There are 2 protein chains.
Amino acid sequence: MLELAILGFLHERPLHGYDLRGRVAALTGHVRPIADGTLYPAIKRMEAKGWLERKTQPGSAAAPRHMLHLRPAGEQELLRRLREPEELDVSDENRWFVLLAFLRHLRDPEAQAGVLRRRLAFLELPSSFFYEDGRPVRAENVDDPFRQGLLTIARATSEAELHWLRTTLTDLGG
Amino acid sequence: MLELAILGFLHERPLHGYDLRGRVAALTGHVRPIADGTLYPAIKRMEAKGWLERKTQPGSAAAPRHMLHLRPAGEQELLRRLREPEELDVSDENRWFVLLAFLRHLRDPEAQAGVLRRRLAFLELPSSFFYEDGRPVRAENVDDPFRQGLLTIARATSEAELHWLRTTLTDLGG
DNA sequence: CCGTGATACCTCGGAGCCGATATATATTGC
DNA sequence: GCAATATATATCGGCTCCGAGGTATCACGG
């Protein structure tokens, strides 16, 4: 998730780590900002894979800045991840949101529509039930008010997204 | 997250690992079911902490079942986690959903209301903006349609939950 | 002059989870 | 009779992430 965000931001312009830190936090919005112990190792990892290049700029600020540039292999990786995402999965909304935030980098509208269609397929999948007091209970028949709330919220989310997906797909000519 | 679910389920009745596996998957609904390599180590961990006790039942099924019983320390841990949750954080919806699914185990309505109030406080926090082409842009002024979609979905979710929280708090007499 | 906070980077240990792999029996369908 | 599927448990390596800690410099207010 973090790697996708880094690739996306660096596709727009070279940045240094501390700047990335703020942008990633802003991107994920309310989400807890990523820790330094997450960010800097990620940068190192991605450098080692040849996706990033570091160009040190002395002076300017308090500490020396290591400007990070996206290398061609990094751009390829970004486009690959946007095209063939493993982040469509409903299990982690944040992953999908980060993907969505950078989907425009996939210039081709048809490719973009393809991603949305695959997300749609995931969302249109079943179906929920609970185990209440040991027996499976259909969502409609759930007794507990807190679980009813859970379902209400989940449904509202899913409906909002389905609606958006369908209208956007129409706009894209999909 | 998994630990909370296990504690919650075992608070209802003793279960064996394979059963838990199915229930956790059903609980989180559409979410990718947890891997065996996640579940069984978690059980071991929780046993070691004294929260769980294993009672082997030979015979019945194909393989011998290890029935898991919640020990008093486990119940205390469950109630503690429900009362003083670290899962209110908006960053991981699943954590919050799992908490909600077991909030009824905290019998006291005032304690339940307290949890909802704290969640409310998190949701009512700011405020989102993006970095678009290098500059911070307020959510209202975001240009990219995919990011607009992201905001639409996030807002719908948050509004649905806020509405539910407020009406439920009224019901609870909070 | 000193403390605080922002800027800027880094490392280490540990937690939690995943995928792959292994093992073995019972049931169901062909 | 045999293959697939369900039941049931477990381990291993690897990955991402977090929290805590460490190192500097610079700007600003008291």
Side-chain angles (χ1 to χ4, degrees), chain A residues 1-7 14-28 31-49 51-52 54-68 77 81 86-87 89 91-92 94-95 98-99 136, chain B residues 1-7 9 14-28 31-49 51-68 77 81 86-87 89 91-92 94-95 98:
Chain A
M1 190 223 78
L2 177 58
E3 294 192 358
L4 185 59
I6 293 175
L7 291 171
L15 297 166
H16 53 99
Y18 194 78
D19 198 342
L20 266 173
R21 189 169 156 278
R23 281 164 202 256
V24 171
L27 172 66
T28 50
V31 173
R32 174 200 311 119
I34 51 154
D36 285 356
T38 307
L39 176 64
Y40 289 104
I43 290 170
K44 275 213 154 184
R45 212 159 62 220
M46 295 168 76
E47 250 184 297
K49 284 179 184 163
W51 299 342
L52 268 47
R54 172 187 309 229
K55 289 178 188 167
T56 304
Q57 284 185 336
S60 58
R65 288 175 171 176
H66 303 301
M67 289 304 276
L68 302 167
E77 180 65 18
R81 288 198 188 195
E86 298 125 41
E87 349 266 334
D89 202 328
S91 61
D92 192 346
N94 288 335
R95 287 185 115 80
V98 171
L99 178 69
Chain B
M1 190 223 79
L2 177 58
E3 293 192 357
L4 184 60
I6 293 175
L7 292 170
F9 280 121
L15 296 167
H16 53 97
Y18 194 78
D19 199 341
L20 267 174
R21 188 169 157 277
R23 282 164 203 255
V24 172
L27 172 65
T28 50
V31 173
R32 174 198 312 116
I34 50 153
D36 285 355
T38 307
L39 176 64
Y40 289 104
I43 290 170
K44 275 214 154 183
R45 211 160 60 220
M46 295 168 76
E47 251 184 296
K49 284 179 184 163
W51 299 343
L52 268 47
E53 196 185 343
R54 170 186 313 227
K55 290 178 186 167
T56 303
Q57 284 186 336
S60 58
R65 288 177 172 175
H66 303 301
M67 289 305 274
L68 303 167
E77 179 65 19
R81 289 198 188 196
E86 299 124 41
E87 349 266 332
D89 202 329
S91 63
D92 193 344
N94 288 335
R95 288 184 114 82
V98 170

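So you know, we letter chains A, B, ... as the sequences are listed, proteins then strands, and number each from 1. All figures in this text were calculated on a predicted structure; none of them were measured in a lab.
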**Fill in**
B/Leu39 atom CG is separated from C/dG16 atom P, nearest whole Å, by 14 Å
**Asked** Please give, in whole Å, the distance from D/dC17 P to A/Met46 CE?
**Response** 10 Å
**Item:** Distance below 4.0 Å between B/Arg65 side-chain N/O and D/dT9 OP1 or OP2
**Value:** no
**Item:** Out of C/dA8, D/dA8, D/dT11, whichever nucleotide has its closest atom nearest the side chain of B/His16
**Value:** D/dA8
**Item:** Residue A/Arg45, side-chain heavy atoms: nucleotide from C/dT11, D/dA8, D/dC17 that is nearest
**Value:** D/dC17
**Message:** When you compare the side chain of A/Leu39 with that of A/Val24, does any pair of heavy atoms fall below 4.5 Å?
**Reply:** no
**Message:** Nearest whole Å is fine: how far is D/dA10 C1' from B/Leu68 CG?
**Reply:** 14 Å
**Request:** Using only side-chain N and O atoms of A/Arg54, determine if any of them is under 4.0 Å from OP1 or OP2 of C/dC10.
**Result:** yes
**Nearest-angstrom distance from the residue atom CE of B/Met1 to C1' of D/dC18** = 18 Å
**Message:** By nearest atom, which of the nucleotides D/dT11, D/dC18, C/dC17 is closest to the A/Ile34 side chain?
**Reply:** D/dC18
**Message:** Judged by each residue's nearest nucleotide on DNA chain C, which is more toward the 5′ side, B/Asp36 or B/Lys49?
**Reply:** B/Lys49
**Request:** Evaluate the side-chain proximity of B/Met46 to B/Ile6: yes if any heavy-atom separation is below 4.5 Å, no if none is.
**Result:** yes
**Prompt:** For A/His66 and C/dA8, is the shortest distance between a side-chain N/O and OP1 or OP2 below 4.0 Å?
**Reply:** no
**Prompt:** Is the shortest heavy-atom distance from the side chain of B/Met67 to the side chain of B/Thr56 under 4.5 Å?
**Reply:** no
**Request:** Write down the distance between CG (B/Leu20) and C1' (D/dT7), rounded to a whole number of angstrom.
**Result:** 15 Å
**Message:** Is there a side-chain contact between A/Tyr18 and the phosphate of C/dT7, meaning an N or O under 4.0 Å from OP1 or OP2?
**Reply:** yes
**Asked** CG of B/Asp19 versus P of D/dT7: gap in Å, rounded?
**Response** 10 Å
**Message:** Expressed as a whole number of angstroms, how long is the span from A/Tyr40:OH to D/dG19:P?
**Reply:** 16 Å
**Message:** Around atom NZ of A/Lys49, are there more than 12 heavy atoms from other residues, nucleotides or ligands closer than 6.0 Å?
**Reply:** yes
**Message:** Closest approach to the side chain of A/Ala35, judged atom by atom: which nucleotide of D/dG19, C/dG19, D/dT9 is it?
**Reply:** D/dG19
**Request:** Could you tell me whether A/Gly17 contacts a base, only the sugar-phosphate backbone, or nothing, with contacts defined as non-hydrogen atoms closer than 4.0 Å?
**Result:** sugar-phosphate
**Between C/dA15 (C1') and B/Arg95 (CZ): distance, integer Å** = 11 Å
**Item:** Salt bridge A/Arg45-A/Glu3, side-chain N to carboxylate O under 4.0 Å
**Value:** yes
**Asked** Is the distance from OP1 or OP2 of D/dC18 to the nearest side-chain N or O of A/Thr38 less than 4.0 Å?
**Response** yes
**Asked** Think A/Lys44 has a side-chain N or O under 4.0 angstrom from the OP1 or OP2 of C/dT11?
**Response** yes
